[in-house]
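See below for the structure under consideration.
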Amino acid sequence: MVTRGFEGRRPTVVAGRLPPGQYLAHDFPVLSAGPTPRLRLADWSFTLKHGPRPLARWSWAEFGELPRSEIKTDIHCVTKWSKFDTVWAGVRVADLLAAAGLAEPPTAFVLAHGFDGYSTNVPLADLMGEQAMVATHYDGQPLAAEHGGPARLLVPHLYFWKSAKWVNGLQFTEKDTAGFWENRGYHIYGDPWREQRFTGD
Ligand SMILES: Nc1nc2c(c(=O)[nH]1)N[C@H]1C(S)=C(S)[C@@H](COP(=O)(O)O)O[C@H]1N2
Ligand SMILES: [Mo]
């Protein structure tokens with residue numbers, strides 16, 4: 001039985017968690033610029049680079065030895081759906097950099113790259129928080145290929161296009177450098193709370 005009072009309170013709870021212009025989705029839409037790459041774990045690797053120079057590289061087995069974390073968070077897509085309480089597990093970017101011995105990262109800007117050629121820029125500061133990770137599991141299961149499996153970047157406080165699927169590396173860049181969607185009119189930063197959807201927002 002649902003009482004009036006309960007129904008009446010619910011929109012307030014949603015309003016405080018839902019960024020402007022977003023609606024609450026209960027399914028998990030798939031959005032990709034191209035076909036889903038089918039990656040063999042034996043061919044998978046993850047590389048940290050400074051410009052063209054490799055700094056560290058992990059095979060799938062090596063990546064599995066890194067310290068792991070689980071988080072529950074809300075995600076917000078620029079196409080206006082949001083999803084609450086999504087559960088992810090993987091390796092925090094901060095832990096990755098520590099494992100690579102990068103106590104002093106070479107620059108303040110990062111381009112994330114995917115096996116499909118996708119890229120997206122994220123300031124390093126946004127990757128150093130508790131919630132930014134290279135996620136290998138969603139909802140307790142290995143991440144499905146269409147959602148970026150075997151591993152995707154997760155930067156949940158920015159619009160979801162920043163969460164590069166099929167991620168294969170992070171590249172430090174001297175300047176904040178536009179990636180795939182940022183070069184096609186999407187906002188260079190993409191804060192859902194400031195509704196930074198498109199260039200100039
Ligand atoms: N490698 C890669 N990552 C990507 C994309 C892509 O096309 N390729 N699309 C982005 C966009 S625009 C969105 S909204 C989210 C969608 O993630 P989902 O399919 O898991 O919902 O992935 C982002 N990451
Ligand atoms: Mo998107």
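Bear in mind the structure is a predicted one, so any value in this text is a computation, not a measurement. We count ligands from 1, going down the list as the structure has it; atoms in each ligand are counted the same way.
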Regarding atom 20 (O) of ligand 1: of the candidates Glu146, His147, Lys165, which has the closest heavy atom? His147

Considering heavy atoms of the protein only, find what lies nearest to atom 21 (O) of ligand 1 and give residue, atom and distance to 0.1 Å. Pro29 O, 2.6 Å

Could you tell me whether ligand 1 has any atom less than 4.0 Å away from a heavy atom of Tyr186? no

among protein heavy atoms, the one nearest atom 16 (C) of ligand 1 is Leu31 O, 3.4 Å

Let me check something: do Leu170 and Phe115 share a hydrophobic cluster, defined by ILVMFWY side-chain heavy atoms less than 4.5 Å apart, either directly or through other members? yes

Sub-4.0 Å atoms of ligand 1 with respect to non-hydrogen atoms of Trp181: 12 (S)

Less than 4.5 Å apart, any side-chain heavy atom of Trp88 and any of Thr73? yes

Going by the atom numbers of ligand 1, which of them fall below 4.0 Å from some non-hydrogen atom of Ser163? 22 (O), 23 (C), 24 (N)

Show which atoms of ligand 1 fall inside a sub-4.0 Å distance from at least one heavy-atom site of Ser32. 7 (O)

For atom 7 (O) of ligand 1, the closest protein heavy atom turns out to be Ala33 N, 2.7 Å

If we set the cut-off at 4.0 Å for heavy atoms, which region of Tyr118 has an atom near ligand 1: side chain, backbone, both, or neither? side chain

Is the gap between the ring centers of Tyr186 and Phe198 under 6.0 Å? yes

Residue, atom and distance of the protein heavy atom nearest atom 11 (C) of ligand 1 read Trp161 CA, 3.7 Å

Among side-chain atoms of Tyr189 and Asp126, is any donor-acceptor pair under 3.5 angstrom? yes

Using a 4.0 Å cut-off to any heavy atom of Trp81, which atoms of ligand 1 qualify? 21 (O)

Report the relative orientation of the aromatic rings in Trp60 and Trp44; use parallel for angles under 30°, tilted for 30 to 60°, perpendicular for over 60°. perpendicular

Nearest to atom 8 (N) of ligand 1, what protein heavy atom do you find, and at what distance? Asp116 OD2, 2.8 Å

Under 3.5 Å, is there a donor on one side chain and an acceptor on the other for Gln171 and His113? yes

Going by the 4.0 angstrom heavy-atom rule, the piece of Trp166 near ligand 1 is side chain

Among all the protein's non-hydrogen atoms, which is closest to atom 14 (S) of ligand 1, and how far away is it? Cys77 SG, 3.3 Å

Ligand 1 atoms in contact with Val30 (distance to a heavy atom under 4.0 Å): 19 (O)

Any heavy atom of Arg152 sitting closer than 4.0 Å to ligand 1? yes

Transitive ILVMFWY side-chain link Leu66 to Leu97, under 4.5 Å: yes

What part of Phe115, side chain, backbone, both or neither, has a heavy atom within less than 4.0 angstrom of ligand 1? neither

Take atom NZ of Lys83 as the centre, draw a 6.0 Å sphere, and report whether it contains more than 12 heavy atoms from other residues, nucleotides or ligands. yes

Are Leu41 and Trp166 grouped together when hydrophobic residues (ILVMFWY) are joined by side-chain heavy atoms under 4.5 angstrom apart? yes

If you count the atoms of ligand 1 from 1 in the order shown, which ones are under 4.0 Å from a heavy atom of Ala164? 3 (N), 24 (N)

